Amino acid sequence: MSSHGLTVGFLAEIMQGNELQNPVVQILGSKRIAGNGEQSERFRLLISDGKSLYSFAMLATQLNDLQKQDKLPQYTIIRIDRYTTSVVNRNEKGEKRVLIIVELTVLKEGSLVGEKIGDPQPMTDTPSQPATTQAPARPMDTGSNTMGNGASYGSANRSLSGGSAGPTQSIGDSLTHPISSLSPYQNKWVIKARVMSKSGIRTWSNAKGEGKLFSMDVMDESGEIRITAFKEQCDRYYDMIEVEKVYFISKCQLKPANKQYTSLKNDYEMTMTNDTIVQECKDADGSMPEIQYNFVPISQIANMEPNAMVDVIGMCKDASDVVQFTAKTSGRELRKREITLVDSSNASVQLTLWGDDAQNFPATTHPVVLLKGARVSEFGGGKSLGLIGGSVMKLNPDLEMAHKVRGWFENGGSEASVSSVSARTGGAAGVSTEWLSFQEAKDKNLGAGDKPDYFQMLIGDWTSNRWVTVFTELAEEMLGKSSQEIGSSLEYQKEEAEKLFTSISFKSFVFKLRTKVEYFGEQPRNKTSAVSVAPVNHKEYNALLIKSIQELTGVGKN
DNA sequence: CCCCCCCC
């Protein structure tokens, strides 16, 4: 066939707002559209259906790599497996319709085709007028004057979620703009976007005034953007917005995004205004992308930089109780809960939850915990996870990965020996803490660096001895009495107190110590305090001794 | 117009 299987007439059809399944087209050219930085890079394609030429096709960003790897050269024949259309620059002259290619299959390599098929002619940008009268519910055509309150949104949405197939839906879709096309220079737009995350309501009070706000991160095929709602808009939309749902949104104010506060791939962010209209799109399934996760094995978190963002899915192996305390620096009352997550990389990581997240966590169950955009932080050489503004936590999500990790956990994983990437060793994750004598600690010059170093040792050391400070909690643990009891003994029952202190003399413990050079005037001195104390595990200690003996003598080594 | 995201 001379058309080489191209779907002749496809382009004219989509310009009418019709949809066709799996059209086949030929690529005749491509062009890189530079955004600000690689994150907003886009590729525009010149395509042909054998009859018409069309230059407003764009690759969804997740297909950018195909273009970069030169998999889509001139003359390539592709099948478009999934696409959406959007209208940009709609005005008196008509509209410009953009075809966004979301999934494609290369049917024949360009070099094998080697020529332009047929004699396709350029399409005009102004096809037949869209049927405006059929779409009273489109946010863009519905003046804000008549849509000023939240109550009307539900009913206004009816024609978009109607039962009959096809046309109704494509009317709604035909009027939406890709998020990646939005800029502050153009305010006539409607986006159709899925909510990825939603913050809580936060209030502020400063020199400029006070108020409240919430923000949400939304996405479509083309990209993502943050939307913030202040004061009235916060009240109006907070309850309405639900994570994962799809909404039509129009008439927000765009401004350059402050990259310091977001990792979203967009140069802009937006703020809702009095004119903003938000409508839920109730039948968006299939036409909208699902939220994408880039799960990383927990073991890999060990190698990540502090402040990196990460998606993780793991089993909750342990959850502490909620601890309430006053932050020493800020004086704030804080509530936190530490969750231990494990996965089949045989690693665990601490997730710190705060406030209501901590309170509401179902600690008595073993949920699968999904984190999107969790933040990596570092403490004492170990890595842990926390949630920030754009982070999402889901429990027991119905995802294959979630079932997998539960399967692993329930078939031995819960008993598996895992190494903690959160261990505060100062060394690589998973490497057990180094055992040192006092002499070795001195030789290594521990404590000389900026950061305190950690080391373990055995009291009763054969090389030396040292005064070590033991703070409240550990002292209570060692002495088996509360600090109040010890304090009152010291004051009123000196003999009792002395007995108490003598009782732990010559006892063996395993200590983890912190040492740091501090200056007393000109004099540098290593100040050492205990970080943890535990009874001697003779099995473990014997293993260490045997290993040392083997290393010294060479006996029993392979 | 926020922009804190905590603690050891």
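Keep in mind that what you see is a predicted model, and the values were worked out from it rather than measured. Residue numbers begin at 1 in each chain, while the letters A, B, ... track the order of the sequences.
- Here A:W204 reaches the OP1 or OP2 of B:dC2: one of its side-chain N or O atoms lies under 4.0 Å away.
- Distance A:I388 CD1 to B:dC6 P: 9 Å, rounded to the nearest Å.
- Rounded to whole angstrom, the span from the OH atom of A:Y261 across to the P atom of B:dC1 amounts to 11 Å.
- The side chain of A:K255 contributes an N or O atom lying less than 4.0 Å from OP1 or OP2 of B:dC1.
- Salt-bridge formation is detected for the pair A:D235/A:K212: a Lys NZ or Arg NE/NH1/NH2 atom is positioned less than 4.0 Å from an Asp or Glu carboxylate oxygen.
- Here A:G209 lies out of heavy-atom contact (under 4.0 Å) with every strand.
- For A:R226 and B:dC3, the CZ to P distance is 13 Å, given to the nearest whole Å.
- Heavy atoms of A:K212 sit nowhere under 4.0 angstrom from any nucleic acid atom.
- Remark: side-chain polar atoms of A:R226 are paired, donor with acceptor, to backbone N or O of A:Y261 under 3.5 angstrom.
- Residue contacts shown for A:T329 are limited to sugar-phosphate atoms, with no base heavy atom under 4.0 Å away.
- The closest donor-acceptor contact from the side chain of A:K251 to the backbone of A:M272 lies at 3.5 Å or more, if one exists at all.
- What separates CG of A:N307 from P of B:dC6 is a distance of 8 Å, to the nearest Å.
- Here B:dC6 presents its C1' atom at 14 Å from CG of A:L351, a figure rounded to the nearest Å.
- For the pair A:M270 CE and B:dC3 C1', the computed distance is 19 Å after rounding to whole Å.
- Residues in residues 296-315 of chain A take part in these salt bridge (charged side-chain N to carboxylate O under 4.0 Å, His left out) pairs, two or more places apart or across chains: A:D311-A:K372.
- Atom CG in A:D217 sits about 14 Å away from atom C1' in B:dC2, given to the nearest Å.
- For A:F230, the side-chain atoms get nearest to B:dC1 when compared with the rest of B:dC6, B:dC4, B:dC1.
- For A:R424, the listed nucleotide lying nearest its side chain is B:dC8; candidates were B:dC2, B:dC6, B:dC8.
- Between the side chain of A:S197 and the backbone N or O of A:V392, no donor-acceptor pair lies under 3.5 Å.
- Going from atom CG of A:N206 over to atom P of B:dC3 covers 7 Å, rounded to whole Å.
- A:E269 comes within 4.0 angstrom of a nucleotide base, judged by non-hydrogen atoms across all strands.
- Ranking B:dC2, B:dC1, B:dC8 by closeness to the A:R202 side chain, first place goes to B:dC2.
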